[in-house]
Amino acid sequence: MRVEIWADIACPWCYVGKARFTKGLAEFAHRDEVEVVFRSFELDPGSAKGVTAPVVDMLAKKYGRTLDEARGMEEHVAASARAEGLDYRTEGRDHGNTFDVHRLLHLAAARGRQEELLDHAYRANFAEERSVFDPETLVVLAVEAGLEEAEARAVLADDSAYAAEVRADEREAAELGANAVPFFVLDRRYGISGGQPAEVFTRALEQAWAGREIEEPAAAAEACEPDGACAVPQA
């Protein structure tokens, strides 16, 4: 079985959703026969390369909230992340264009190190004092994930390197009707949107493996939309 996951490094619910999916997969009896592929999805593709803004400021502007209210939104996400065993900084994070990260992730996929780089990038963005919008930081992350430094630098220096692959993923997401991430596709037959609880993923994997129609989750899950909005569903 193949599971494809459309996500963006800037998406906190993708960070949380990956942890939940990993836990759900661990409970699936046929987990060793599941291939997981990560696909590109940019939340803010129109943002200028190299231009960043503090996440709290961005949230306040986007939702028309005060800075204190925006910090409260970040605290809510942080609580969900920490419940999954993830570290999450609520201050000092930046928001920006993630196209270069996605291009490097395609290089990593070609070298069999995609998940390693994804995990390093998520940690750097959400848990550590390292900006994934800085080219030098990206090179360091690539090396930590097992890639060759020279190759990573060459990709970052050439804006066309793996650009077509990123755009192809994004077109495919649109064709599949993915209007928020994370978005999970099981064997090109079933789609699951949002950072669902781990048990939802386990059940979906079991149903897909057995060839049954996947039941719709009982409630909407947290997700980020293409304009960068990462709202929390109302109970």
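- Remark: the backbone N or O of Glu170 is not paired with any side-chain donor or acceptor of Arg39 at under 3.5 angstrom.
- Taking 4.5 Å as the limit, some side-chain heavy atom of Tyr122 sits within range of a side-chain heavy atom of Cys14.
- Looking at heavy atoms from C-beta onward, Arg2 lies out of side-chain contact with Arg188 at the 4.5 angstrom threshold.
- Side-chain contact, Asp8 with His102: a donor N or O sits under 3.5 Å from an acceptor N or O.
- For the pair Val3 and Leu205, the minimum side-chain heavy-atom distance is below 4.5 Å.
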**Prompt:** Please walk me through it: do Asp44 and Asn97 pass side-chain contact (heavy atoms from CB on, under 4.5 Å)?
**Reply:** CA-CA 6 Å; Asp44 195 5; Asn97 186 290; over 6 Å; no
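- Between Glu115 and Lys18, at least one side-chain N (NZ, or NE/NH1/NH2) sits under 4.0 Å from a carboxylate O, which counts as a salt bridge.
- Residues Val132 and Thr98 have side chains not in contact (no heavy-atom distance under 4.5 Å, counting atoms from C-beta outward).
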**Message:** Using the rule given for side-chain contact (heavy atoms from CB on, under 4.5 Å), can you reason through Arg65 versus Met73, listing the C-alpha separation, both sets of side-chain angles and the distance that settles it, and then say yes or no?
**Reply:** CA-CA 10 Å; Arg65 306 288 183 87; Met73 295 169 68; 3.9 Å; yes
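- Here the rule is side chain to side chain donor-acceptor pair (under 3.5 Å) with Arg111, and of Glu151, Glu148, Glu116 only Glu151 fits it.
- Taking 4.5 Å as the limit, every side-chain heavy atom of Asp94 sits out of range of all side-chain heavy atoms of Asn125.
- Contact of the Leu59 side chain with the Glu69 side chain is not registered, since no non-hydrogen atoms from C-beta on lie closer than 4.5 Å.
- Phe41 and Phe183 have their aromatic ring centers separated by at least 6.0 angstrom.
- With Arg153 contributing its side chain and Val139 its backbone, the two residues share no donor-acceptor pair below 3.5 Å.
- Of all heavy-atom pairs spanning Cys224 and Pro12, the tightest one is SG-CD, 3.7 Å.
- By the 4.0 Å N-to-carboxylate-O rule, Arg203 lies too far from Glu206 to be salt-bridged with it.
- No donor-acceptor pair under 3.5 Å is formed between the side chain of Arg93 and the backbone N or O of Val55.
- Side-chain contact check for His106 and Asp169: at least one donor-acceptor pair (N or O, by modelled atom type) lies under 3.5 Å.
- Counting heavy atoms from C-beta outward, Ile5 and Phe21 have side chains that approach closer than 4.5 Å.
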**Asked** Glu42 and Arg167: side-chain contact (heavy atoms from CB on, under 4.5 Å), yes or no, with the steps?
**Response** CA-CA 10 Å; Glu42 293 175 273; Arg167 297 306 183 209; 2.6 Å; yes
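- Of the candidates Phe201, Phe38, Tyr190, Trp6, Phe201 is the only one forming a ring-ring contact (aromatic ring centres under 6.0 Å, His included) with Phe184.
- Salt bridge annotation for Glu144-Arg113: absent, with no cationic side-chain nitrogen under 4.0 angstrom from a carboxylate oxygen.
- Between Arg103 and Asp159 the shortest side-chain heavy-atom distance falls below 4.5 Å.
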**Message:** Assess the residue pair Arg71 and Glu91 against the criterion (side-chain contact (heavy atoms from CB on, under 4.5 Å)); give the C-alpha distance rounded to whole Å, side-chain angles, the decisive distance to 0.1 Å, and a yes or no.
**Reply:** CA-CA 8 Å; Arg71 291 187 187 98; Glu91 296 286 350; 3.1 Å; yes
